[in-house]
Participant: 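Dropping a structure here in structure tokens format, bear with me for questions.
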Amino acid sequence: MSRGDHSEASLQFIRTLHDSQKNHRLILNPDYLDDEKLPEEERTAVLQEIFDRNIREEQLKRIICHLTPILDGDHPSSLLVFGPTGSGKTVSLIHVLSTFQQYCQTQSVEFQYKYVDLTSPRSSFGALNELAIALNDSIRIYRKGIPVNQMQERIIQEMNRFKGFLCLLIDEADNIKPNADEFITFLGKTLPRKVPCRLVLIMVTNKLNWDKMLDPRILSVLKKTNMLFEPYDALDLIEILKLRVEKALEKSKVDEGAIRKIAALASRETGDARKAVELLSKAAKAAQETKGRLTEEIVDLAEHRLEMDKTDEMIRALARQQKLALISCYDLLSKTSKRITTGEAYDRYTSLCDLEKVRPLTQRRFSDIIGSLDLYGLINGRLISRGRYGQTREISKSLPKESLTRILSTESAEGGAFRTVP
DNA sequence: CATCCACAGGAAAACGCGGTTG
DNA sequence: CAACCGCGTTTTCCTGTGGATG
């Protein structure tokens, strides 16, 4: 009997909750807030709209001007594109090249472009490998273990299939780590001689002085042209964000001020469009959980939360040794409340390693780890000299209490996990 | 003023792993 | 199978460094 009342109340509860959730509904299409999860066609469609809004018009014009000689059969020089991350270099170039390729087909000019992605750091060998994959979409993936010359031979063979103009778009070219010269020499010097097609190199980097690190002799062979991508300014970002809002969110529930705030925050930092969209996504989720309206206050909240999540994620992603180092630092810091030195931290670290049955690293290596932790902002490491008592990094904490407790909890929680790992 | 501590940090060699080749 | 290759990681060895101290 009371059962009926009870379920009636529950039903009511469910109904009101559902209704309120419906009212709060802000995110209509979450896919548009995450570039990576967007299907290819949709992605290009979004990009198309961005370009239609004349956001990167200046840059597009410049690229196209550089390419147009091809239509008359002239050979443009290779191109070096600079620009900070998230300024739309890759996106713009791919857009231009693919449309240019289409146009060339109608004009019966032989033109093809291949995209070589070096986003994750690679050696010159890895770069060659990537190039080979880009050239030949077949399943064959060349693995490590074969000499470099042979690799180059295969690429030359592969390239013999192409005629006319072949444009190589090399993304994040600065990621070729130890000997970038080798790869670039091959590209700029060896290949044009041994291959029938006309090669146009486009290299993308976000390091302004990258070309100065290369051998000057290679640069003279390349006959390159430089091009600079300015970061998006706040107005551009507003346009981009508005586009996303239209696609993904219930527009009427988004404050104009909130968008402006996101754009301002992002442009103040680096002008990175990806970061702006990420913040928008975070803010939208936060808004949906509360009142369902995207306001400036929510943006503030989301920014704070995003930062916390980042450090959290950071810590979770650390390697074992790094984590151990971090733990030993904070362990020591919490006990002494005084400045500590690398040596002290190292002592604590070795004993901790003993406890975890992990072979401790050398102090030299430990010093590097401390350096990396400092770089990540998980620790403040300042180089000081204490006169006769030597020179040390003075280590102090830089994390809020919330993260700190979490570190200590992972220490105990993953202690067992550590031990099971051989 | 020279000394000397306790490390920083560069260079190079060594190691280990995952792969190919003959 | 041994020999070899590429490559990131780690160890070994090394030279600097800046100011309190005698």
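Keep in mind that what you see is a predicted model, and the values were worked out from it rather than measured. In what follows, chains are A, B, ... by sequence order, proteins preceding strands, each numbered from 1.
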Participant: Checking A:Asn380 now: which residues fulfil side-chain contact (heavy atoms from CB on, under 4.5 Å) with it, not counting sequence neighbours?
Facilitator: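 side-chain contact (heavy atoms from CB on, under 4.5 Å) list for A:Asn380, sorted by chain: A:Ser396, A:Ser398.
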Participant: Does the distance from a Lys or Arg side-chain N to an Asp or Glu carboxylate O, for A:Arg316 and A:Asp312, drop under 4.0 Å?
Facilitator: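 Judged by the 4.0 Å cut-off on N to carboxylate O distance, A:Arg316 and A:Asp312 do form a salt bridge.
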Participant: On DNA chain B, nearest-nucleotide positions of A:Gly390 versus A:Ile370: which is more 5'?
Facilitator: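 Its nearest nucleotide lies further toward 5', so the answer is A:Gly390.
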Participant: Grab the CG-P distance between A:Asp374 and B:dA8 for me, whole Å please.
Facilitator: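 In whole Å, B:dA8 P lies 12 Å from A:Asp374 CG.
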Participant: Kindly point out which of B:dA8, C:dT17, B:dC7 is positioned nearest to the side chain of A:Gln391?
Facilitator: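 Closest of the options to the side chain of A:Gln391: C:dT17.
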Participant: Atom CG of A:Leu324 and atom P of C:dT10: how far apart are they, to the nearest Å?
Facilitator: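 Whole-Å distance recorded here is 13 Å.
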Participant: With a 4.0 Å cut-off on heavy atoms, is A:Leu383 in touch with a base, just the backbone sugar-phosphate, or nothing at all?
Facilitator: sugar-phosphate
Participant: Could you work out how much the helix from B:dC1-C:dG22 to B:dG22-C:dC1 bends, comparing the axis of its first five pairs with that of its last five, to 10°?
Facilitator: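 One end's axis against the other's: 30°.
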Participant: Salt bridge check, A:Asp300 against A:Lys261: does any charged N sit closer than 4.0 Å to a carboxylate O?
Facilitator: yes
Participant: Using OP1 and OP2 only, check whether a side-chain N or O of A:Thr392 sits under 4.0 Å from B:dA6.
Facilitator: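 Negative; the distance criterion is not met.
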Participant: Let's see if you can work this out: which of B:dC5, B:dA8, C:dT11 has an atom nearest to the side-chain heavy atoms of A:Arg388?
Facilitator: B:dC5
Participant: Please report, rounded to the nearest Å, how far the C1' atom of C:dT10 is from the CZ atom of A:Phe366.
Facilitator: 15 Å
Participant: Looking only at the side chain of A:Tyr389 (C-beta and beyond, no hydrogens), which of the listed nucleotides C:dT12, B:dA8, C:dT21 gets closest?
Facilitator: C:dT21
Participant: State whether A:Arg260 and A:Glu239 are salt-bridged, where the test is any N-O pair (Lys NZ or Arg NE/NH1/NH2 against Asp/Glu carboxylate O) under 4.0 Å.
Facilitator: no
Participant: Write down the distance between CD (A:Gln363) and C1' (B:dG9), rounded to a whole number of angstrom.
Facilitator: 12 Å
Participant: Take atom CD of A:Gln322 and atom C1' of C:dT9, then tell me their distance rounded to the nearest Å.
Facilitator: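 Interatomic distance, CD of A:Gln322 to C1' of C:dT9: 12 Å.
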Participant: Whether A:Glu278 and A:Lys310 form a salt bridge (side-chain N of Lys/Arg under 4.0 Å from carboxylate O of Asp/Glu) is what I want to check.
Facilitator: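 Yes.
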Participant: Residues in ring-ring contact (aromatic ring centres under 6.0 Å, His included) with A:Tyr113, at least two apart?
Facilitator: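 A:Tyr113: no ring-ring contact (aromatic ring centres under 6.0 Å, His included) contacts found.
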Participant: Atom CD1 of A:Ile340 to atom P of B:dC7: distance rounded to whole Å?
Facilitator: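 It is 11 Å, rounded to the nearest whole Å.
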Participant: I'd like to know if A:Ser385 reaches the base of C:dG19 with its side chain such that a donor and an acceptor end up less than 3.5 angstrom apart.
Facilitator: no
Participant: For A:Ile369 and B:dG9, give me the distance from atom CD1 to atom C1', rounded to whole Å.
Facilitator: 15 Å
Participant: For A:Leu168, is there any backbone N or O sitting under 3.5 Å from a side-chain donor or acceptor partner on A:Lys114?
Facilitator: no
Participant: Give the rounded distance in Å between these two atoms: CD of A:Glu394 and C1' of C:dG18.
Facilitator: 15 Å
Participant: Does any N or O donor sit under 3.5 Å from an N or O acceptor when you compare the side chain of A:Arg364 with the base of B:dG10?
Facilitator: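 Check passes, donor-acceptor contact within cut-off.
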Participant: Hey, does the side chain of A:Arg359 come within less than 4.0 Å of C:dT11's phosphate (OP1/OP2), counting only N and O?
Facilitator: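 For C:dT11, OP1 or OP2 has a side-chain N or O of A:Arg359 closer than 4.0 Å.
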